[in-house]
Amino acid sequence: MNGESRRWDNKDSRRSSKKQKLMRNAEEELESKFGFDLFTEGDKRLGWLLTLSSSSLDDEETGRVYSCVDLYFVSQDGSAFKSKYKFRPYFYAATKEKMEMDVEGYLRRRYESQIVDIEIVKKEDLDLKNHLSGLHKSYLKISFATVQQLMDVKKDLLHVVERNQAKSDAAEAYESILTGKREQRAHDFLDCIIDLREYDVPYHVRFAIDNDIRCGQWYDVIVSSTGVMLEKRTDLLQRAEVHVCAFDIETTKLPLKFPDADYDLIMMISYMVDGQGYLITNRECVGEDIEDLEYTPKPEYEGYFKVTNVKNEVELLKLWFAHMREVKPGIYVTYNGDYFDWPFLESRAAYHGFKMSDEVGFSCDKNQGECRAKFACHLDCFAWVKRDSYLPQGSQGLKAVTKTKLGYDPLEVNPEDMVRFAKEKPQMMASYSVSDAVATYYLYMTYVHPFIFSLATIIPMSPDEVLRKGSGTLCEMLLMVQAYMANVICPNKHQSDQEKFHKSHLLESETYIGGHVECLESGVFRSDLPTSFKLDPSAYELLIKNLDRDLQYAIRVEGKMDLDSISNYDEVKNAIMEKLVLLRAEPVREECPLIYHLDVAAMYPNIILTNRLQPPSIVTDEICTACDFNRPGKTCLRKLEWVWRGEIFTAKKSDYYHLKKQIESEFVDGTDGQLSKSFLDLSKIDQQSKLKERLKKYCQKAYKRVLDKPVTEVREAGICMRENSFYVDTVRSFRDRRYEYKGLNKVWKGKLSEAKASGNSIKIQEAHDMVVLL
DNA sequence: AATAGAGCCTAC
DNA sequence: TAAGGTAGGCTCTATT
């Protein structure tokens, strides 16, 4: 036992705290085994942030617990360290006008043991009427020592706010009369809290946004008595050389069944660490000892494998765990390891009495379908293939991905033959096993690693999350960063109306008519095979008539040139005219077609930007009326037409209310097979879905159809051109960033071919690295 | 036999 | 719990 833990043991503290310290100690011991010693004193260190996770720490002097973020760094020499960054979680609360101070005082008393601080801050609130005049809204920024305390108070206040909002909805007509009075009773201060904001921002995301800290970036890390300080090193662009381990297991299985960790065995585990291959075979399943082998499908994808043959599965597991502690990977890479390899390893380890989390720090979350550790990343390439590779669902297996992305044909074995081959053709099964590790490793190194760690430098999350989250969540994170920088308060999640009607019918769903695809003609066309054309002469007539107008538009608007600066206008015009006249004269033709591929680059971002489209820009008359800029002849309101489409139930509103009354007095089956309970005891959402079910049955019976034909309606939206631009700014900066990197990439590709021509290997490597980076 | 609807997958 | 959107083709099943 080391000195540190002895000191803790001697300290006389409360039971729960002592228990926590022992646990913390175990965690730190394990992380130390993987190279992440806590950096607590000494000179500043340079580190590349690999990953982060929320955590807590005990203050030895006060005996209190604080939430903090654990930061895991990799140094330039390949070693690693960890640091704990104390940060107070918080959320915002809005009060009735001029009640901020009273509510603050009240909350401080009511949650004395939980709230550390309350600050009254002014935020840009895009929901606030007339906010463009410079009006800000006051919010109480309520801070806590721990996330748990935040959650407790939030839960309490959410109920309060929900109640208050319901009350204010009901009494909206009288509100102006009531706010005149100032009452002092404690209960009334609670009534004054009307909204909570940003309470569901994950703690580590909050931390990364507020301190501008991202994974995949270099920092000078300074530790002092006041805490940890990070200084971003924007001069360092290249990623750190972190140890990467890609692995893959082969297991036994019953014929025509999927492997089952309850009784199937691991036959082999093959893995590559920083380009060196290893294979461990389980001789219970493998027919003979395997010698070291090579599998190099392409010169740039080398694979030399050191082989160890062990007598059984438990030896295989022990050896692999021990080897991982020796090489200390910062990143583990799999192909579908979230669902298969890791859970299987965990189950087999448990079967032999090992806890995988104690051995290598990883544990599987069945609900999430993820396998994660605190200090190391698990980057499952399958997640990248699904979200970012643009491969169709039928081509997302490792074999297909290897073909399209790595450009070679991988070894393939029918799963039904694997168990037999391990006994009868062990050499062949060994080659097959390592081939999957090779494919996974190089897929990761060429595509996933550069992509995920570039994305991580702008998205305030750990690499594991950056890899697995949906694109919507990633966009939301970027917007939250932008909102923080613009001092804009984030809106709460939108909740759509549960009970909307259209002309006395309940709406099943409503949406807008989106863009659609038109197919002018289908078939197979080649530029050297004549095709028959049937042209419309009147269309050519129109083109001829508008030729001057169109040419001049192209020159003035698109080309941004003066008409006088064109010297051969008539020459070009006549040449076009001649062709158009010929086409008009002979509309039925047999000709070799010219084949064009027309594409609109970044179309949606550009539509958003040219029209300044963003949620808070969609305004109503009511909003404009309250706005200071609403003057006669204003140019800040742009009107756009759109088409609304709704699907309505065949039943009438009266039928619906009838059914509703009926069901409210009934007992229904619980959602999870529980005993039946009163309809009114169900949650609002469950109630609505039960009621809809009932309505559908009724419609089917009475009207022979559930839904009517979809209804469409042309509607008009007002778009405010003056609205705070932080949404469109986010879109623009993202588009421009892409343009910038695309441009730079072109430059470096040019340098790469120059370097290749000159034969300078250092320059080739440099250019190659830059191309991959960009 | 015709039709509606669900489910899956893809294009953008 | 976490979750981009709509349009639209194809297959299969249930219903009329």
Side-chain angles (χ1 to χ4, degrees), chain A residues 54 151 154-155 158 199-205 338 364-370 372 383 385-397 400 404 455 459 461-462 464-480 482 490-496 508-520 522 597-608 611 613-615 618 642-650 671-672 683 685-686 689 692-693 695-697 699-713 715 717 727 730-731 734-735 738:
Chain A
S54 57
M151 305 274 269
K154 173 199 86 179
K155 198 179 157 204
L158 265 183
Y199 51 83
D200 49 5
V201 180
Y203 173 64
H204 64 291
V205 173
D338 272 329
C364 300
D365 181 336
K366 272 271 165 63
N367 294 325
Q368 295 269 91
E370 289 177 5
R372 307 268 305 264
V385 168
K386 279 191 285 191
R387 197 190 63 190
D388 306 315
S389 75
Y390 290 94
L391 288 170
Q393 221 150 12
S395 310
Q396 295 183 342
T404 49
L455 207 51
I459 292 184
M461 287 182 144
S462 68
D464 290 61
E465 290 170 307
V466 170
L467 172 72
R468 290 174 179 82
K469 296 289 176 189
S471 51
T473 307
L474 299 188
C475 288
E476 190 175 78
M477 294 301 137
L478 289 175
L479 287 168
M480 280 183 11
Q482 203 76 17
C490 293
N492 285 334
K493 272 175 190 153
H494 177 72
Q495 284 182 327
S496 56
E508 211 279 332
S509 65
E510 59 172 343
T511 180
Y512 57 89
I513 304 276
H516 66 275
V517 181
E518 240 172 87
C519 180
L520 304 177
S522 58
H597 174 191
L598 304 181
D599 197 357
V600 186
M603 185 179 78
Y604 279 110
N606 282 312
I607 292 173
I608 288 169
N611 295 287
L613 294 175
Q614 33 181 15
I618 309 298
W642 59 286
V643 183
W644 175 89
R645 193 186 74 198
E647 290 192 295
I648 55 172
F649 287 98
T650 48
T671 35
D672 39 5
S683 71
I685 294 157
D686 286 347
S689 71
K692 270 195 178 172
E693 245 173 64
L695 184 67
K696 274 183 187 168
K697 273 188 195 147
C699 288
Q700 192 63 257
K701 237 188 214 155
Y703 297 88
K704 306 280 177 226
R705 204 171 51 229
V706 177
L707 298 174
D708 263 334
K709 279 198 188 109
V711 192
T712 59
E713 232 176 64
R715 293 189 181 182
Y727 278 92
T730 307
V731 173
F734 208 71
R735 181 198 64 180
R738 204 171 85 145

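Throughout, protein chains are lettered first and strands after them, A, B, ... in sequence-line order, and every chain is numbered starting at 1.
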With sequence neighbours left out, the residues meeting side chain to side chain donor-acceptor pair (under 3.5 Å) with A/Gln482 are none

Between CD of A/Glu510 and P of C/dT6 the distance, given in whole Å, is 11 Å

Interatomic distance, CG@A/Leu478 vs CG@A/Leu455, rounded to 0.5 Å, equals 7.5 Å

A/Tyr390 atom OH is separated from B/dC9 atom P, nearest whole Å, by 19 Å

From the candidates C/dG5, C/dG4, C/dA3, the one with an atom nearest any side-chain atom of A/Ser471 is C/dG4

In whole angstroms, the gap separating P of C/dG4 from CD1 of A/Ile607 amounts to 21 Å

Between CG of A/Asn606 and P of B/dC12 the distance, given in whole Å, is 18 Å

**Prompt:** How would you label the contact of A/Leu474 with the nucleic acid (heavy atoms, under 4.0 Å): base, sugar-phosphate, or nothing?
**Reply:** nothing

When rounded to whole Å, the CH2 to P distance for the pair A/Trp642 and C/dG5 reads 16 Å

A/Pro392 has its side chain closest, among C/dA3, B/dT10, C/dA7, to B/dT10

Answer yes or no: does a side-chain N or O of A/Gln393 lie under 4.0 Å from OP1 or OP2 of B/dT10?
yes

Original post:
At under 4.0 Å, does any side-chain N or O of A/Thr473 touch on OP1 or OP2 of C/dA2?
Top reply: no

Separation of B/dA6 atom P from A/Glu647 atom CD, nearest Å, is 10 Å

* Asked: Would you say a side-chain N or O of A/Thr511 is under 4.0 Å from OP1 or OP2 of C/dG5?
  -> no

Note, A/Lys469 side chain near A/Met461 side chain (heavy atom, < 4.5 Å) | yes

Taken to the nearest whole Å, NZ/A/Lys386 to P/C/dA3 is 12 Å

**Request:** Would you classify A/Arg645 as touching base, sugar-phosphate or nothing, given that sugar-phosphate means primed atoms plus P, OP1 and OP2, and contacts are heavy atoms under 4.0 Å?
**Result:** sugar-phosphate

A/Trp642 and A/Thr511 have their tightest heavy-atom pair at CZ3-O, 4.3 Å

**OP:** Identify whether the distance between the nearest side-chain nitrogen and carboxylate oxygen of A/Asp338 and A/Arg468 falls below 4.0 Å.
**Re:** yes

To the nearest angstrom, the CG-P distance between A/Leu613 and C/dG4 comes to 21 Å

